[in-house]
Structure formats: structure tokens, C-alpha cells
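Heavy-atom basis, side chains included; hydrogens, waters and symmetry copies ignored. As the structure is a computational prediction, the values presented were derived from the model and not from experiment.
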Amino acid sequence: MGSSANTETAMIIATPASNHNNPATNGGDANQNHTSGAILALTNSESDASKKRRMGVLPLEVGTRVMCQWRDGKYHPVKVIERRKNYNGGHNDYEYYVHYTEFNRRLDEWIKLEQLDLDSVECALDEKVEDKVTSLKMTRHQKRKIDETHVEGHEELDAASLREHEEFTKVKNIATIELGKYEIETWYFSPFPPEYNDCVKLFFCEFCLSFMKRKEQLQRHMRKCDLKHPPGDEIYRSSTLSMFEVDGKKNKVYAQNLCYLAKLFLDHKTLYYDVDLFLFYILCECDDRGCHMVGYFSKEKHSEEAYNLACILTLPPYQRKGYGKFLIAFSYELSKKEGKVGTPERPLSDLGLVSYRGYWTRILLDILKKHKGNISIKELSDMTAIKAEDILSTLQSLELIQYRKGQHVICADPKVLDRHLKAAGRGGLDVDVSKMIWTPYKGQS
């Protein structure tokens with residue numbers, strides 16, 4: 001676009017010059033020059049007025065809405081969340097922390113003034129009206145992409161609590177972390193201790209999860225750190241995959257550091273400081289250098305609601321490799337070993353529900369395809385360790401449940417099952433139960 005526009009401008013400027021040497025058009029020179037001068041004066045006047053108007057809006061107030069150039073090179077609508085003075089610049093030289101209103105909060109970031117289109121500055125609309133307008137403008141594909149980036153929701157929060165949460169966590173405090181061989185952009189605010197307030201990047205030991213401000217500190221630490229895997233017991237090893245069980249009470253510092261790290265990628269309301277009550281299951285890829293964490297899930301040692309999973313995360317470099325599905329499947333294998341049915345802690349986010357509904361669909365329909373004769377919800381629950389309510393809601397969502405003569409009946413047409421299984425997608429990595437060495441937690445309730 002830039003080169004074609006410049007070419008067009010050059011052609012317009014060149015036209016009067018070429019006419020000047022043409023005897024047939026000499027008579028019009030004075031009029032043409034007069035017109036060109038008027039256009040130039042008008043353009044300069046408009047340019048000055050536009051520049052004054054743009055300068056008049058600076059510095060931008062918190063809450064201002066404007067178009068901003070994103071990493072895809074296109075302009076997207078943003079809302080200014082916070083601003084900070086750039087003391088190396090002029091009077092109006094600020095950096096702005098913005099939220100891209102089309103995208104998940106994890107993409108919020110600090111941007112420079114030159115990324116903003118100041119001609120697009122507008123007054124803040126009523127929040128509800130704006131949300132409705134944005135929703136109407138978004139295509140179905142855009143909505144799906146945004147849903148895919150949504151990790152955790154806040155369905156459990158009332159309006160006042162949600163505002164308080166968003167105010168407290170509105171600015172991402174750590175921009176990037178280094179963990180093992182990866183430098184990872186963070187997604188959300190995490191409440192690190194006050195002495196880390198001036199840091200934009202943290203360096204983590206990938207084995208003990210200690211975090212430092214400088215690369216040199218990490219290098220010194222790595223020369224002393226004896227760990228080559230998470231603390232705790234290795235309860236699963238299959239090929240290059242390992243799972244470690246870490247007791248939050250026995251390994252408190254590690255568990256707290258894990259929560260700080262996880263909070264950078266999970267938009268939860270709260271961070272668990274009382275890690276004593278939880279067990280953490282750390283999934284690792286193993287090589288000759290050690291066992292490198294790819295993700296984890298946590299669960300309460302004693303859950304009155306039969307929750308078998310409290311929190312789950314696959315680190316960004318390892319996403320879309322089937323590890324998330326593996327973690328969900330592993331949590332149910334633990335429930336089977338305990339002789340209990342389990343369910344994830346509520347509320348589930350939109351994406352969390354999609355992940356679990358996919359797992360439940362694959363497990364249940366696979367059984368229904370192979371099973372001969374009648375089978376009840378209770379029998380399915382006993383076989384899978386999936387809570388009866390989750391089985392019922394999954395089969396109802398697939399329209400496989402009918403209510404006949406006072407009871408629920410499962411209608412399992414093979415072609416319908418195949419269609420739903422295909423829609424549910426692949427199941428990810430399998431848990432080889434024969435490689436699991438684990439006994440349920442027996443601590444005091």
C-alpha cells in the first residue's frame with residue numbers, strides 16, 4: 001500500500017511540470033499554479049489542525065479508547081488501562097498499558113505512543129453498550145479464536161468482586177520469564193513479593209523453581225542446585241514422560257513457587273498460599289540433563305465435594321501436544337486407584353468445560369461402542385470414575401439420553417456414536433496404568 005500511494009503522489013506532482021513545457025497547455029499555467037497553491041495551503045491547514053487536535057488529547061487518560069497497531073501489523077481497538085511517564089522523553093511522553101478489547105486479557109501489554117492512531121481517540125462508551133457492539137462486529141471465527149485463548153473464567157464472582165479482582169490484577173507485572181531453554185511471554189498478573197516489583201523479567205530454576213532477578217544469579221544458583229527433577233516421589237515413568245507427586249506440606253517453598261509461576265498463566269481469582277492442603281502432580285519430559293516440567297495439576301488432599309483436580313496448567317511451550325488431555329486422564333486414573341468417583345473443581349471456565357467434555361465424550365462413547373447389552377449411568381461411573389452428574393450432562397448434551405417410563409435410557413446408535421467421537425477429536429497421550437506406582441494419600445483428615 002505504501003509504495004503505490006507514493007507513486008500516485010509523484011504522478012500528480014509531475015503533471016504540472018510536464019505541462020509547463022507543452023505549448024498547447026501554457027495558457028493554463030497560472031490557473032494551475034494558483035489551484036495547486038490553494039490545495040497545498042488547504043492541506044497544510046488541515047494537517048496543522050489535525051496535529052493540534054492529536055496533541056490536544058495527550059497524555060491519554062486511563063479509560064481512553066483508541067486504535068492500536070498490534071504485532072500482526074493491523075490496528076485493533078484498545079482501552080488504556082494504565083500509563084507511566086517516560087522520563088527520557090518530553091512533557092507528553094508516556095507509555096500506555098492497553099487491553100485489546102477483541103482479545104483475552106492475557107494479550108494486554110505496554111505500548112509506545114507511536115503505535116497509537118491518535119485520530120481515532122474516542123470517548124468511553126457505556127461498558128454494556130460497548131461489549132454488545134464489539135460482539136456484533138466480531139465474526140464467528142474471531143469469537144472462536146478468542147474462546148481458545150481463554151484459560152480460566154470468573155463465573156463464581158459477583159460484579160463487585162470481579163471489579164476488585166480486575167483492578168488489583170489489571171497490569172501484568174512480569175512480562176517474560178526464563179525457564180530452562182525457553183523464554184516465555186507471560187499472560188497475567190502474579191502477586192510476587194514486593195522486592196520483585198521493579199522486575200519485568202524473572203529467571204526460574206527449572207528444577208526447584210526458585211526465581212531470581214538476574215541471569216548471573218540463576219547461573220550461580222544452577223552451579224549449587226542439586227535437584228534434577230521436582231522434589232517428591234516419581235509415581236509414573238513411561239518412555240521419556242515422568243510424573244512426580246509433591247506434597248505441599250513437605251515441600252512448601254517449591255509448591256509456593258509453583259503457584260507464583262502458574263499464576264502468570266492462569267487468571268484465577270486467588271492464589272493458594274496455604275499449600276499444605278494440596279498435592280501437586282508435576283508432568284516432566286526427561287532427558288540426560290534431568291526432568292523438565294511441562295505442566296501440572298493439583299488436588300486437595302481431602303475434598304468433601306469429591307474434587308479430583310483443583311488447578312491444571314500446561315506451560316505455553318508445551319501446549320497443543322496432548323499434555324493437557326494426559327493430565328486430565330491421569331487425575332481420573334488416580335481416582336480409580338482410590339476407589340472413588342471424581343470431578344474437577346467448579347466453576348469450570350468455558351475452555352475448561354470444552355476440555356473435560358471432550359475427555360468425557362471420548363471415554364464414555366468408546367465404552368458404549370464396545371459394550372453389548374444394557375448399561376446404566378451408575379455402571380459407567382464405576383468403570384470410569386467419572387461422577388454420575390458429569391456422565392448425565394455429557395450424554396444429554398450429545399442428545400443420547402431419553403426419558404422413558406420414569407427412567408433415563410441411553411440411545412447408542414453406532415453411526416451417531418462415530419459422528420460424536422470424530423467431533424470430539426483425538427484423545428492425546430495415553431496413560432499406561434502399568435507404569436504407575438502410587439498409593440493414595442493417607443494423612444490425617
- Task: Check step by step if side chain to side chain contact (heavy atoms under 4.5 Å, CB included) holds for Ser298 and Leu309.
- Result: CA-CA 6 Å; Ser298 61; Leu309 184 145; over 6 Å; no

Determine whether [X] and [Y] make a side-chain contact, defined as any pair of heavy atoms from C-beta on separated by less than 4.5 Å.
X	Y	answer
Val275	Asn251	no
Leu279	Tyr281	yes
Ile177	Phe203	no
Val78	Arg65	no
Ile391	Trp360	no
Gln115	Cys68	yes
Leu113	Leu118	yes
Ser190	Lys172	no

Donor-acceptor pair, distance only, cut-off 3.5 Å: does the side chain of [X] make one with the backbone of [Y]?
X	Y	value
Lys79	Thr101	no
Thr384	Ile386	yes
Thr64	Leu60	no

query: Would the number of heavy atoms belonging to other residues, nucleotides or ligands and lying under 6.0 Å from CZ of Arg346 be above 12?
result: yes

Are [X] and [Y] within salt-bridge range, i.e. N to O under 4.0 Å?
X	Y	value
Asp93	Lys85	no
Arg289	Glu206	yes
Lys74	Glu102	no
Glu95	Lys112	yes
Asp382	Lys378	yes

Quick one about [Y] and [X] (side-chain donor to acceptor, distance below 3.5 Å, no hydrogens or angles considered), yes or no?
X	Y	answer
Asp432	Ser238	no
Tyr323	Glu285	yes
Tyr188	Asn173	no

So which atom in [X] and which in [Y] form the shortest heavy-atom distance, rounded to 0.1 Å?
X	Y	value
Leu334	Phe297	CD1-CZ, 3.9 Å
Asp390	Pro344	OD2-CD, 4.4 Å
Pro230	Ile282	CG-CG2, 3.8 Å
Cys199	Ile174	O-CD1, 3.5 Å
Pro191	Tyr260	O-CE2, 3.1 Å
Cys291	Cys284	CB-CB, 3.8 Å

Those residues at least two apart in sequence (or on a different chain) that pass side-chain hydrogen bond (donor to acceptor under 3.5 Å, both in side chains) with Lys301 are Asp247

Kindly say whether the aromatic ring centers of [X] and [Y] come within a distance under 6.0 Å.
X	Y	value
Tyr254	Phe280	no
Tyr318	Tyr182	yes
Tyr359	Tyr332	yes
Trp70	Phe103	yes

Query - Stacked cation flag Arg84 on Trp110, 6.0 angstrom / 45 deg - result: yes

*asked:* For a side chain to side chain contact (heavy atoms under 4.5 Å, CB included) check, start with the C-alpha distance between Tyr296 and Leu327, then their side-chain angles and the critical distance, and finish with the verdict.
replied: CA-CA 7 Å; Tyr296 86 102; Leu327 290 168; 5.8 Å; no

Under the salt bridge (charged side-chain N to carboxylate O under 4.0 Å, His left out) test, residues paired with [X] that sit two or more places apart:
X	value
Arg237	Glu234
Lys224	none
Glu300	none

If you measure from [atom1] on [X] to [atom2] on [Y], what distance do you get to the nearest 0.5 Å?
X	Y	atom1	atom2	value
Leu364	Leu398	CG	CG	9.0 Å
Arg83	Ile111	CZ	CD1	13.0 Å
Ser242	Ile235	OG	CD1	10.0 Å
Leu264	Leu202	CG	CG	7.5 Å
Tyr96	Ile81	OH	CD1	14.0 Å
Thr439	Asp233	OG1	CG	8.5 Å

Practice task
Hey, could you give me each pair passing ring-ring contact (aromatic ring centres under 6.0 Å, His included) that has a residue in residues 216-235? Not counting sequence neighbours.
Solution key: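 The answer is His229-Phe244.
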
Practice task
Show your reasoning for whether side chain to side chain contact (heavy atoms under 4.5 Å, CB included) applies to Thr176 and Val200.
Solution key: CA-CA 7 Å; Thr176 57; Val200 292; over 6 Å; no

Only pairs under 3.5 Å count here: list side-chain donor-acceptor contacts from residues 207-217, not counting sequence neighbours, and write none if there are none.
unit_1	atom_1	unit_2	atom_2	d
Lys213	NZ	Glu195	O	2.7
Arg214	NE	Glu216	OE1	3.4
Lys215	NZ	Glu178	OE1	3.4
Lys215	NZ	Glu178	OE2	2.3
Gln217	OE1	Lys213	N	3.1
Gln217	OE1	Arg214	N	3.0

Output, in order, the C-alpha distance, side-chain angles, deciding distance and verdict of salt bridge (Lys or Arg N to Asp or Glu O under 4.0 Å) for Glu338 and Lys299. CA-CA 13 Å; Glu338 291 175 306; Lys299 63 181 286 188; 3.2 Å; yes

Test log, rule side chain to side chain contact (heavy atoms under 4.5 Å, CB included), inputs Asp117 and Gln69: CA-CA 8 Å; Asp117 175 10; Gln69 190 175 35; over 6 Å; no

Among Lys369, Arg362, Lys370, exactly one meets side chain to side chain donor-acceptor pair (under 3.5 Å) together with Asp366. Which residue is that?
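For Asp366, the side chain to side chain donor-acceptor pair (under 3.5 Å) test succeeds with only one of Lys369, Arg362, Lys370, which is Lys370.
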
Report task. Begin with the C-alpha distance, continue with both residues' side-chain angles, and end with the deciding distance and a verdict on side chain to side chain donor-acceptor pair (under 3.5 Å) for Glu109 and Tyr100. Result -> CA-CA 9 Å; Glu109 62 181 348; Tyr100 294 89; 2.7 Å; yes

